[in-house]
A.B. asks: 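Supplied in structure tokens, the structure appears directly below.
These numbers come from the heavy atoms of this one structure, side chains and all, not from hydrogens, waters or symmetry mates. The chains referred to below are lettered A, B, ... by the order of the sequence lines, with proteins before strands, and numbering in each begins at 1.
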Amino acid sequence: MIQPRTLKGFRDYLPQAMLAREHLIETARGVYRSYGFAPIDTPALEYLEILAGKGSDETDKQLYKFTDAGGREVGMRFDLTVPLARFAAQYAQQLGLPFKRYHIASVWRGENTQRGRYREFMQCDFDTIGTESQASDIETALVIHDLLTKIGFADAFTIQVNHRGVLNGLLETLDLADQSTHVLRAIDKLAKIGPEKVAAEMQETAGASIEQAGEVLQFAALEGPNEQVLEQLKPMVAGSEVGEAGLARLEEVLSGIAAAGVSPERVKLDVSIARGLDYYTGMIYETTLAQLPDIGSVASGGRYDNLAQMFTKQKLPGIGASLGLDRLLSAMEELGMVPEVRTPAEVFVPLFNEELLGPLLKLSNDLRSAGLRVELYNEPKKLGKQLQYADKRGHRVAVIAGPDEIEAGECQVKNLADGSSATVKLEAAAGEIEKILAGK
RNA sequence: GUGGCUGUAGCUCAGUUGGUUAGAGCGUCGGAUUGUGAUUCCGAAGGUCGGGGGUUCGAGACCCCUCAGCCACCCCA
């Protein structure tokens, strides 16, 4: 016998997990579409040269690669951004710009596993490419805002925004511009490891002096209402072209988000967020949950100057972000937001005996025609057993129709949550069920 | 990739200084005069003690290797 098992970092999803997962994905899809983002898909496998050398050395190490039967060097995609770059370079002419797309798909990274970190996981990206407009910057935040709201976090999250130009402007004035990657990476850890360690890291990896590190930390510590922070930033980046431009854009974006009707409490200018990725050049976004700030960002992204420079001479600026599906799911699990349901069908129809199979198939189909999801039990077991099954699965309503009811053209509609039931004409069953599902 | 912790039934865990036939709760399945679950009672099935090797008269307990999970670093979703 072969032992049934899955590879390290790869997972199976049971119905309960998968229902929650699909619900999240459908919500994300709905939000993306509501802004006009169109779906695309790309192959899981790409020529190795497309994927290799795109991220850091780190991503190269994590890349799953092999030689296929035709002798081609191929790799499995490790994110959705590189495939998008290739895709955009290849189809920019026929797509037209700006191009807004979403892409929900699995990616693979051969890195060491940890809680919430797997070798196969799903990304839910949305990007707008071919424009540097403030509108696209603002919309990115609005999409994130809608995502979290629709998923059920209402007012319990904060979108932190920042602008790489402001960070780089400061580094310019401090004469640390050529070390920006190291400095930003260090700043990104501020919340996690504290100012002393960040200062030490900056001195070590970026060769910053104690004074420079101090200035950076002082900058990163800026706090308060958005307007106030903006004011304080002005003198700090004065004289730096990128710094001033970044600050201006930040101001525009914040007021745009407010103009869209988003509560100002949801969006916070936080100069300490940097995002690890080198390729961000403009606005950057992170999202944390009020109840679980420690799990980190559940939706993040930013603007990049030139997405597809590896693949085309055409300049394709863009902005995008991604929903951290797995992280969000584990957060929701922790917060008890994942219902204990193992069936997608709200209605359960027990099978009394084989003689009634015909009428019950008909009844089930009529209910489906009325827009309900109905499971007809497949074996004529004892009613108690069948109801037990329905209860375990999380069906909400049972429609019980035995010989007596069928004879009278009736059925019993039973609310499985409280045990109450009502006997109604078969034609009225759907309406009765709707009443229960509506919660009254 | 580096370092640390862990691995006993489907799940959560007990298993005394190594000592005979490895236990519980939950879950699963079956039953309690065959039409009512979530809240009863009874019963049953289910374990290569992650896998392999070693030490020992004897290993679930000790040692080595390996696989997997968790945590930290790294990086990131």
A.B. asks: B:rA68, OP1 or OP2 - any side-chain N/O from A:Thr113 closer than 4.0 Å?
C.D. replies: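 No, because none of the side-chain N or O atoms of A:Thr113 sits under 4.0 Å from OP1 or OP2 of B:rA68.
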
A.B. asks: Using only modelled atom types and a 3.5 angstrom limit, is any donor from either the side chain of A:Glu111 or the base of B:rA77 paired with an acceptor on the other?
C.D. replies: yes

A.B. asks: Mind checking A:Glu405 for me? I need base, sugar-phosphate or nothing, with any heavy atom below 4.0 Å counting as a touch.
C.D. replies: base

A.B. asks: Can you find an N or O donor on one side and an acceptor on the other, under 3.5 Å apart, linking the side chain of A:Gln386 with the base of B:rU36?
C.D. replies: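 For A:Gln386, whose side chain was compared with the base of B:rU36, there is no donor-acceptor pair (under 3.5 Å).
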
A.B. asks: Using a heavy-atom cut-off of under 4.0 Å over every strand shown, decide if A:Gly394 touches base, sugar-phosphate, or nothing.
C.D. replies: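 Nothing, no nucleic acid heavy atom in range.
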
A.B. asks: From the options A:Ile400, A:Asp391, A:Leu351, select the one residue that forms a side chain to side chain contact (heavy atoms under 4.5 Å, CB included) with A:Gln386.
C.D. replies: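 The residue from A:Ile400, A:Asp391, A:Leu351 that satisfies side chain to side chain contact (heavy atoms under 4.5 Å, CB included) with A:Gln386 turns out to be A:Leu351.
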
A.B. asks: Of A:Ile25, A:Asp125, A:Val143, A:Leu328, which is the lone residue that meets side chain to side chain contact (heavy atoms under 4.5 Å, CB included) with A:Leu323?
C.D. replies: A:Leu328

A.B. asks: Sequence neighbours left out, what passes ring pair (Phe, Tyr, Trp, His ring centres under 6.0 Å) with A:Phe219? Give chain and number order.
C.D. replies: none

A.B. asks: Do you know which of A:His395, A:Arg396, A:Arg373 makes side-chain hydrogen bond (donor to acceptor under 3.5 Å, both in side chains) with A:Glu346?
C.D. replies: A:Arg373

A.B. asks: Could you run through RNA chain B and flag its stems, i.e. three or more consecutive Watson-Crick or G-U pairs with both distances under 3.5 Å?
C.D. replies: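 If one scans RNA chain B for consecutive Watson-Crick or G-U pairs, the stems found are B:1-7 with B:67-73, B:10-13 with B:23-26, B:28-32 with B:40-44, B:50-54 with B:62-66.
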
A.B. asks: Would you mind checking if A:Arg29 and A:Glu26 are paired as a salt bridge, meaning a charged N to carboxylate O distance below 4.0 Å?
C.D. replies: no

A.B. asks: Choosing from B:rG37, B:rC75, B:rA77, which nucleotide comes nearest the side chain of A:Asp326?
C.D. replies: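 My answer, after comparing the listed nucleotides, is B:rA77.
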
A.B. asks: Would you say the base of B:rC75 and the side-chain of A:Arg117 have a donor-acceptor pair closer than 3.5 Å?
C.D. replies: yes

A.B. asks: Hey, what do you get for CG (A:Asn162) to OG (A:Ser272), rounding to the nearest 0.5 Å?
C.D. replies: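 With rounding to 0.5 Å, CG (A:Asn162) is 7.5 Å from OG (A:Ser272).
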
A.B. asks: Taking any heavy-atom pair under 4.0 Å as a contact, classify A:Tyr389: base, sugar-phosphate, or nothing.
C.D. replies: nothing

A.B. asks: Under 3.5 Å between N/O atoms: give me all the protein pairs with nucleotides 28-31 of chain B, atom names plus distance.
C.D. replies:
{"residue": "B:rU28", "atom": "OP1", "partner": "A:Lys392", "partner atom": "NZ", "Å": "3.1"}
{"residue": "B:rU28", "atom": "OP2", "partner": "A:Lys392", "partner atom": "NZ", "Å": "3.4"}

A.B. asks: Base, sugar-phosphate or nothing for A:Ala417? Non-hydrogen atoms, less than 4.0 Å.
C.D. replies: base

A.B. asks: Might you point out which heavy atoms bring A:His163 and A:Ile284 nearest each other, and give the distance in Å?
C.D. replies: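 Closest approach of A:His163 to A:Ile284, heavy atoms only: N-CG1, 4.3 Å.
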
A.B. asks: Indicate, with a heavy-atom threshold strictly under 4.0 Å, whether A:Gly419 touches base, sugar-phosphate, or nothing.
C.D. replies: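 Contact class for A:Gly419: base.
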
A.B. asks: Identify whether any heavy atom of A:Pro403 sits under 4.0 Å from a base atom; if not, whether one sits that close to sugar-phosphate; answer base, sugar-phosphate or nothing.
C.D. replies: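 Touches a base.
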
A.B. asks: Does the ring of A:Phe121 lie flat against the base of B:rA77, closer than 5.5 Å centre to centre with planes under 30°?
C.D. replies: yes

A.B. asks: Please determine, for the side chain of A:Asn112, which listed nucleotide (B:rA77, B:rG37, B:rG1) has the closest atom?
C.D. replies: B:rG1

A.B. asks: Please state whether the phosphate of B:rG69, meaning OP1 or OP2, lies under 4.0 angstrom from any side-chain nitrogen or oxygen of A:Lys8.
C.D. replies: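 So the side-chain polar atoms of A:Lys8 do come within 4.0 Å of the phosphate oxygens OP1 or OP2 of B:rG69, strictly under.
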
A.B. asks: Could you check whether A:Asp404 gets within reach of a base, just the sugar-phosphate, or nothing at all, counting any heavy atom under 4.0 Å?
C.D. replies: base

